[in-house]
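First comes the structure, then the notes that go with it.
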Amino acid sequence: MSDPVVLLEGDTPARLNSAAHTHFGKKCMISLLKKEIDSFRLSVDRKTTVRREFEIDGTTAIYDVRIKSLSADKSTLIIEFADISEQERLKSRLNFLQSMMDSIPNPIFYKSPDGKYIGCNKMFEEYIGLSKEELSGKTVRDITPHDWKFQCARTDMQVLGTGRLKPYETVVTMPDGTQRNVIFSKALLKDCEGAPEAIVGTIQDITERKKAEEKIQRLAYYDTLTGLPNRQLLIDRISIMVEHSRRNEEAFAILFIDVDRFKTINDTLGHTTGDQLLVNIANILKTNVRSCDTVARLGGDEFVIVLTNVDEKTVSHIAGKLMNMLSRPQFVNGHELFSSLSIGISMFPADAQDGETLLKNADMAMYQAKEQGRNNFQFFSNDMNSKVMYRLVMENDLRHAMDRDEFYLEYQPQYNIETGRMFGVEALLRWHKPEKGIMPPSSFISLAEDTGLILPIGEWVLLRACFQTKEWETVMGQKLITSVNISAVQFKQKNFLSSVRNILKVTGVDPACIELELTESVLMTDVDRTLDTLKDLKKLGLKLSIDDFGTGYSSLNYLRFFPIDRLKIDRSFVTNIMNDKDNAAITQAIIAMAETLNLKVTAEGVEQEDELNTLRSFKCHDIQGFLLARPSSPETINKLIADCR
């Protein structure tokens with residue numbers, strides 16, 4: 001059917017074609033378009049087009065109405081009606097579909113079977129960085145120079161051939177050069193006759209998800225500080241190495257590495273410096289082994305290296321090289337640091353047939369290296385098992401000793417060499433193990449320091465000694481000076497000063513009656529911080545002494561500035577002093593130096609009368625030793641105090 005056409009003369013429809021008769025009729029035309037016709041006649045235009053909706057047989061129809069003038073005065077007009085209802089409905093439908101696609105958060109595109117883009121949603125525009133207008137008629141080859149175009153072409157061919165394509169994951173290079181991880185999905189649209197009409201594709205960007213998965217992977221299997229494999233990944237790799245080496249009849253080695261005295265550096269210079277030192281050590285270890293080897297961090301200052309397909313000679317060479325590299329000075333946060341390694345080594349298959357035992361044996365060998373003086377490496381041997389088991393039992397017993405009240409103090413009297421009067425005592429820690437008897441300090445002090453147990457033990461010793469000193473003053477009416485040994489680990493603790501202050505407050509002891517004994521090595525570590533701590537201790541009213549003087553490496557220049565009250569000459573210089581010229585010369589020099597610096601001197605380990613007489617001739621101030629009194633219980637000291645009255 002043709003479009004309706006009306007010839008209008010004045011306000012009267014002069015002629016209507018059949019379509020106009022059918023749709024409108026004569027009477028309704030003037031009222032339907034009167035406003036538009038009047039407006040047109042008043043204008044200067046010779047023709048115009050307006051869009052109008054008409055109600056026809058209960059259905060709304062949309063027309064483009066074209067009005068033309070056939071006379072100069074516009075009295076005669078021809079009006080043509082073009083029905084665009086179907087196009088508008090289709091357009092509305094397309095707009096709805098486009099809006100729906102634009103609301104979907106994933107990029108969507110559709111293109112013709114020959115690969116030319118027809119349309120897309122807003123997410124695809126944003127994702128690709130091009131508008132629909134810019135994409136229209138282009139192919140993938142037109143918008144990206146990268147390999148993505150080849151993969152797209154292959155998958156388009158698969159879709160056209162099979163009608164569908166399973167989602168697949170790939171990495172694509174975007175037009176701006178960035179790479180993204182995506183999942184592509186594609187499907188084929190067909191017309192009513194089954195012919196290919198369009199390829200529809202969706203993109204799911206999983207880049208951030210992949211990054212999160214990688215981060216989780218790294219957190220699960222890698223050390224966050226150094227980036228090295230952690231314990232879990234190390235165990236997996238050792239297990240794989242065991243199977244590989246067993247199949248190929250090869251040997252491999254596990255090096256269990258501990259950084260010597262790292263805790264001292266960490267406690268003294270802070271965790272930031274300690275962490276950076278660990279990062280430096282990790283880099284040194286990585287760069288001095290092969291790419292096929294594994295370097296892992298177990299935690300703290302412990303590292304493990306797995307060396308593949310090696311013999312003992314090669315392992316010894318590598319271990320020696322690592323120790324040599326770590327012995328060189330490292331500059332961290334303005335500090336020049338020297339570090340060394342204790343390395344334990346186990347070999348597959350000689351030392352064990354599984355990863356867990358190999359790691360345990362290497363750990364045992366590392367402890368043996370520490371017992372040998374640190375800064376060395378030791379291969380595992382079967383007799384280490386018994387030693388390690390003994391150490392483990394000792395450590396466990398030591399942890400429970402305080403709870404079980406197995407510690408106690410004895411006190412060794414100290415005497416003035418001229419008057420012969422007792423002026424003080426040294427508090428000495430004793431451990432009574434029910435099944436073993438009295439344990440000498442040499443058997444457990446080092447272990448206590450290594451495990452950190454020396455901190456609660458040392459605090460307990462100082463507390464008990466202060467209570468006892470206060471009791472002697474209160475009950476016996478005697479002010480004795482009690483010397484208490486302070487471990488290097490204790491002294492370097494940040495809360496050491498506050499701990500001492502609290503103990504003095506709780507016990508009420510006169511601080512002048514307490515003398516803290518420190519070794520030379522403690523004083524010469526981080527001299528500035530040590531000097532500050534010593535000054536703070538002196539402000540509390542405490543006395544300070546250097547124990548075992550002459551066996552360390554004190555600088556006399558620094559010694560002048562330390563607020564020290566007393567030097568204690570080590571018993572190694574006192575033993576047989578009357579016959580050993582070297583010991584005699586050293587002892588005399590220490591006494592003379594102390595006199596110059598206005599310091600008291602106590603000689604330790606005096607066991608013979610001749611030693612006493614020689615020290616008296618050197619004008620030594622004070623002595624202690626078995627010759628005059630052995631370490632005794634508080635009750636025995638009470639009797640000595642009573643006898644002195």
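- Here the OG1 atom belonging to Thr294 is positioned 12.0 Å from the NZ atom belonging to Lys286, to the nearest 0.5 angstrom.
- The list of side chain to side chain donor-acceptor pair (under 3.5 Å) pairs with a residue in residues 316-329, not counting sequence neighbours, is empty.
- Taking the side-chain hydrogen bond (donor to acceptor under 3.5 Å, both in side chains) definition, one finds that Glu302 meets it with nothing, sequence neighbours left out.
- When the side-chain hydrogen bond (donor to acceptor under 3.5 Å, both in side chains) test is applied to Lys538, the partners found at least two apart in sequence or on another chain are Asp565.
- Remark: the Glu208 side chain and the Asn181 side chain contain no N/O donor-acceptor pair separated by less than 3.5 Å.
- Comment: Asp293 engages Arg290 in a salt bridge, judged by a side-chain N to carboxylate O separation of less than 4.0 angstrom.
- Between Asp156 and Gln158, the side chains place no donor N or O within less than 3.5 Å of an acceptor N or O (distance only, hydrogens not considered).
- Ion pairing between a basic and an acidic side chain is recognised when a charged N comes within 4.0 Å of a carboxylate O; Arg231 and Asp223 show no such pairing.
- Considering every non-hydrogen atom in both Ser339 and Gln330, the closest pair reads OG-NE2, 3.4 Å.
- The side-chain contact (heavy atoms from CB on, under 4.5 Å) check on Glu410 picks up Tyr408, Arg430, Pro631, with sequence neighbours excluded.
- In this view, Phe379 satisfies the ring-ring contact (aromatic ring centres under 6.0 Å, His included) rule with no residue, not counting sequence neighbours.
- Pairs passing the salt bridge (charged side-chain N to carboxylate O under 4.0 Å, His left out) check and including a residue from residues 308-317, sequence neighbours excluded, do not occur.
- Using a distance-only test at 3.5 Å, with no hydrogens or angles considered, a donor-acceptor pair links the side chain of Ser346 to the main chain of Leu358.
- Other residues, nucleotides and ligands place no more than 12 heavy atoms under 6.0 Å from the NZ atom of Lys122.
- Salt-bridge check for Glu395 with Arg399: passed, with a basic side-chain N closer than 4.0 Å to an acidic carboxylate O.
- The ring-ring contact (aromatic ring centres under 6.0 Å, His included) search around Phe262 returns none, not counting sequence neighbours.
- Asn230 and Tyr221 share no donor-acceptor pair across their side chains, judged by distance under 3.5 Å alone.
- Taking a cutoff of 4.0 Å between a charged side-chain nitrogen and a carboxylate oxygen, Glu406 and Lys436 do not qualify as a salt bridge.
- Nearest heavy atom pair, residue Leu504 against residue Cys466, reads CD2-SG, 4.5 Å.
- Side-chain atoms of Arg404 never come within 3.5 Å of backbone atoms of Lys433 as a donor-acceptor pair (strictly under, hydrogens ignored).
- Under the 4.5 Å side-chain criterion, counting only non-hydrogen atoms from C-beta, Trp431 is not in contact with Ile438.
- For the atom pair CD1 (Ile546) and CG (Leu516), the distance works out to 13.0 Å, reported to the nearest 0.5 Å.
- Side-chain polar atoms of Glu125 and Asn121 form no donor-acceptor pair below 3.5 angstrom.
- Every residue meeting the ring-ring contact (aromatic ring centres under 6.0 Å, His included) condition with Phe109, not counting sequence neighbours, appears here in chain and number order: Tyr117, Phe124.
- A donor-acceptor distance shorter than 3.5 angstrom exists from the side chain of Gln353 to the backbone of Pro349, with no hydrogens or angles considered.
- By the side-chain hydrogen bond (donor to acceptor under 3.5 Å, both in side chains) test, Asn333 pairs with Thr273, sequence neighbours left out.
- Asn502 and Ser499 share no side-chain donor-acceptor pair at under 3.5 Å.
- Between the CD atom in Glu169 and the CD atom in Gln204 there is a gap of 9.5 Å [rounded to 0.5 Å].
- Between Lys568 and Glu604, at least one side-chain N (NZ, or NE/NH1/NH2) sits under 4.0 Å from a carboxylate O, which counts as a salt bridge.
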Quiz prompt | Evaluation steps, side chain to side chain donor-acceptor pair (under 3.5 Å), between Asp547 and Thr519 | solution = CA-CA 5 Å; Asp547 194 19; Thr519 63; over 6 Å; no
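- Counting only residues at least two apart or on different chains, the side chain to side chain donor-acceptor pair (under 3.5 Å) pairs with a member in residues 438-454 are Arg374-Asp450, Glu449-Ser487.
- Side-chain contact check for Ser483 and Glu515: at least one donor-acceptor pair (N or O, by modelled atom type) lies under 3.5 Å.
- For Thr507, there are no side-chain hydrogen bond (donor to acceptor under 3.5 Å, both in side chains) partners two or more places apart in sequence or in a different chain.
- Side-chain contact check for Ser342 and Asp258: no donor-acceptor pair (N or O, by modelled atom type) lies under 3.5 Å.
- For the ring-ring contact (aromatic ring centres under 6.0 Å, His included) test, no residue two or more places apart in sequence or in another chain qualifies with Tyr222.
- For the pair Arg209 and Glu213, the salt-bridge criterion is met [side-chain N within less than 4.0 Å of a carboxylate O].
- Of the residues Asp275, Leu277, Asn283, the one that meets the side chain to side chain contact (heavy atoms under 4.5 Å, CB included) test with Val279 is Asn283.
- Thr202 and Asn106 are not linked by any side-chain donor-acceptor pair at a separation below 3.5 angstrom, with hydrogens and angles left out of the test.
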